[in-house]
Protein chains: 2
Amino acid sequence: MSINYAKTIPAVKRPGLPQVEAPAVSGVSERLIRRLTVSTSLEAADIEAIVRLPMIVKDLPAQAAIAREGEKPAQCCLLIDGFACRSKTTDVGKRQILSIHIPGDVPDLQSLHLHTMDHDLTTLSASRVGFIAHDSLRAITRERQLVAEALWRETLIDAAVFREWIVNVGRRPATSRMAHFLAEIGKRIEAVGLAHADEYDLPMTQIDMADALGLSPVHVNRVIQELRRSGVLELRKHAVSIRDLPQLMQLADFDDLYLHQNQAV
Amino acid sequence: MSINYAKTIPAVKRPGLPQVEAPAVSGVSERLIRRLTVSTSLEAADIEAIVRLPMIVKDLPAQAAIAREGEKPAQCCLLIDGFACRSKTTDVGKRQILSIHIPGDVPDLQSLHLHTMDHDLTTLSASRVGFIAHDSLRAITRERQLVAEALWRETLIDAAVFREWIVNVGRRPATSRMAHFLAEIGKRIEAVGLAHADEYDLPMTQIDMADALGLSPVHVNRVIQELRRSGVLELRKHAVSIRDLPQLMQLADFDDLYLHQNQAV
DNA sequence: CGTCGGGTTGAGGGTGATCAAAGTTTGTGG
DNA sequence: CCACAAACTTTGATCACCCTCAACCCGACG
């Protein structure tokens with residue numbers, strides 16, 4: 001598991017599908033700015049302040065712990081390339097994955113105001129991450145109102161995704177659960193311009209997916225086969241190919257409202 | 001269902017158990033201030049600003065919709081007395097309760113920056129709620145840094161509770177799930193000084209609990225009976241009495257870290 | 001070439017769902 | 001204040017979805 005999957009995805013351009021227009025900013029902050037400006041219109045000074053944020057970039061292997069439950073981190077982590085996930089483990093050793101994170105996410109932004117980690121944060125693939133000190137972040141939120149609100153909103157979207165995840169795990173049958181999961185990741189990957197919703201790489205094993213969906217690995221395998229047989233999707237290695245997106249969406253009972261990607265007003 | 005359960009709970013004082021010291025503030029804002037000062041130390045000017053927040057107080061019956069999925073509310077709602085819950089319903093009509101809210105909560109605080117409701121917010125019991133316009137809230141967050149951070153933190157704790165809820169629904173067996181649910185509500189009720197963690201009123205039917213736990217009502221009933229038989233708790237009408245708190249906690253695999261009630265530093 | 005992690009397949013079992021109906025409260029209207 | 005209706009709880013029976021266990025396969029990699 002030493003390949004950085006995210007890096008191998010080209011910034012595909014295909015006609016007829018939504019393309020995200022990146023602001024005129026380069027460097028590692030680009031992903032963060034692109035993300036924040038999706039929902040909030042920042043001023044030039046805001047963007048400059050973000051670019052000036054001191055950041056330590058590191059390359060991590062797959063399955064690396066970025067933060068562990070009980071720790072009190074002094075920085076947040078911007079996922080620049082690669083995938084990560086948050087998880088908790090019960091006393092009987094069952095793991096539950098809480099969320100999947102893609103480039104542009106700040107998966108531990110909550111640690112800015114919640115000082116003790118209540119879950120683990122781990123890379124799924126080899127990843128490039130940028131660490132930003134809490135002090136710097138707190139400073140920017142105090143000086144730049146719009147940045148503060150944009151970051152706050154990011155944590156709120158985070159929570160909205162958790163809510164839908166609860167519904168998925170609590171009330172949908174296995175096949176629908178898997179469909180919803182794949183639809184969500186696709187939608188989010190497309191929103192940041194990484195790939196298309198119906199064709200993307202997902203560096204997770206079936207065991208990981210089981211932990212994300214609250215299922216057993218064996219059953220995940222059977223669900224995938226069923227989806228393959230019915231022509232809804234391919235899912236080999238770590239490549240997801242949705243063959244029948246409408247049917248997937250219907251199976252999934254998917255409504256992207258909860259992702260709050262179209263923040264009108 | 002016209003009885004306001006919350007109102008019937010006296011501010012019990014029992015020796016040997018933690019008591020929350022309320023700040024010297026009265027009126028409907030008291031609950032909010034008490035809540036915010038649990039985790040953040042606010043300045044006098046902050047508290048004054050909160051007290052001065054224009055608020056429209058309303059009494060609602062049980063099962064009243066405060067906000068519905070798809071709506072774009074222009075205010076947030078402070079729960080002054082009574083219980084509420086947030087929920088989503090799948091296309092096949094299965095309801096999943098996402099969270100339970102008690103006096104002092106602002107269950108739709110996320111609407112301040114996420115303009116469209118992605119779920120429903122409903123009263124569980126007859127309740128008194130205070131509506132605060134988004135404009136007023138936005139103004140206070142721009143003028144009072146500490147208030148902004150305290151409110152942001154509240155939404156982060158909200159998310160932390162969602163995360164644990166995912167674990168509960170995704171990875172714990174039914175009995176453990178119920179135990180965890182009752183432990184959490186107890187802990188939170190105790191934290192705001194409403195009642196004790198082992199003796200409180202919970203205005204939910206077994207059907208509601210089933211929707212909260214991702215179980216069927218029939219199975220919820222059987223789980224409750226099992227917990228009764230084993231002497232862990234009583235649960236009659238809407239009164240929860242934990243008889244063996246340690247055993248409940250162990251059954252629940254409960255660790256209150258995720259509630260972030262002891263915000264050291 | 002052997003090991004290891006992950007995917008696949010089969011068999012059997014259990015937790016919890018569904019269906020149905022009978023009790024029991026609760027609430028309402030006469 | 002009683003009577004009735006509605007909502008909730010309880011019980012029983014049956015069923016299915018999904019879990020567990022176990023074995024085997026496959027490709028990657030040392």
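In the text below, chain A, chain B and the rest are named by the order of the sequence lines, each starting its count at 1.
With sequence neighbours left out, the side chain to side chain contact (heavy atoms under 4.5 Å, CB included) criterion links A:Asp120 to A:Arg68, A:Glu69, A:Ser87, A:Thr122. The side chain to side chain contact (heavy atoms under 4.5 Å, CB included) check on B:Asn221 picks up B:Gln206, B:Gln225, with sequence neighbours excluded. Not a single side-chain hydrogen bond (donor to acceptor under 3.5 Å, both in side chains) links A:Thr123 to another residue, sequence neighbours left out. Contacts of A:Val223 classified as side chain to side chain contact (heavy atoms under 4.5 Å, CB included), with partners at least two apart in sequence or in another chain: A:Ala174, A:Thr175, A:Met178, A:His219, A:Leu227. Partners of B:Arg236 according to the salt bridge (charged side-chain N to carboxylate O under 4.0 Å, His left out) rule, which considers only residues two or more places apart in sequence or in another chain, are B:Glu234. Contacts of B:Pro173 classified as side chain to side chain contact (heavy atoms under 4.5 Å, CB included), with partners at least two apart in sequence or in another chain: B:Ser176.
Between the P atom of C:dT8 and the CE atom of A:Met209 lies a distance of 10 Å, rounded to the nearest Å. B:Arg236 has its CZ atom 12 Å from the P atom of D:dT9, to the nearest Å. The nearest whole Å value for the distance from the CE atom in A:Met178 to the P atom in D:dC18 is 12 Å. For A:Gln63 and C:dG6, the CD to P distance is 8 Å, given to the nearest whole Å. Separating the CE atom of A:Met204 from the P atom of C:dG6 is a distance of 12 Å, rounded to the nearest angstrom. When the P atom of D:dC17 is taken as reference, atom CZ of A:Arg172 falls 18 Å away, rounded to whole Å. As rounded to whole Å, 8 Å separates atom P of D:dT9 from atom CG of B:Asp208.
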Which side-chain N or O atoms in residues 250-258 of chain B pair as donor and acceptor under 3.5 Å with protein atoms at least two apart or in another chain?
unit_1, atom_1, unit_2, atom_2, d
B:Asp253, OD2, A:Asp91, N, 3.1
B:Asp253, OD2, B:Arg172, NH1, 2.8
B:Asp255, OD1, B:Leu257, N, 3.0
B:Asp256, OD2, B:Lys187, NZ, 3.1
B:Tyr258, OH, B:Glu184, OE1, 2.7

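Between D:dT10, D:dG27, C:dT8, one nucleotide has an atom nearer to the side chain of B:Gln206 than all others, and that is D:dT10.
Ion pairing of A:Asp201 with A:Lys237 is absent here, as no side-chain N (NZ or NE/NH1/NH2) approaches a carboxylate O to less than 4.0 Å.
Of all the residues in residues 224-234 of chain B, B:Gln225, B:Arg228 reach under 4.0 Å from DNA chain D with at least one non-hydrogen atom.
A side-chain hydrogen bond (donor to acceptor under 3.5 Å, both in side chains) with B:Arg86 holds for exactly one of B:Asp118, B:Asp108, B:Asp158; it is B:Asp158.
The phosphate of D:dG27 has neither OP1 nor OP2 within less than 4.0 Å of any side-chain N or O from A:Lys237. Of the side-chain N and O atoms in A:Asn221, none sit less than 4.0 angstrom from OP1 or OP2 of C:dG7.
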Anything under 3.5 Å between a protein N or O and an N or O of nucleotides 17-24 of chain C, put it in a table, one pair a line.
unit_1, atom_1, unit_2, atom_2, d
C:dA17, OP1, B:Ser216, N, 3.1
C:dA17, OP2, B:Ser216, N, 3.1
C:dA17, OP2, B:Ser216, OG, 2.8
C:dT18, OP1, B:Lys94, NZ, 3.1

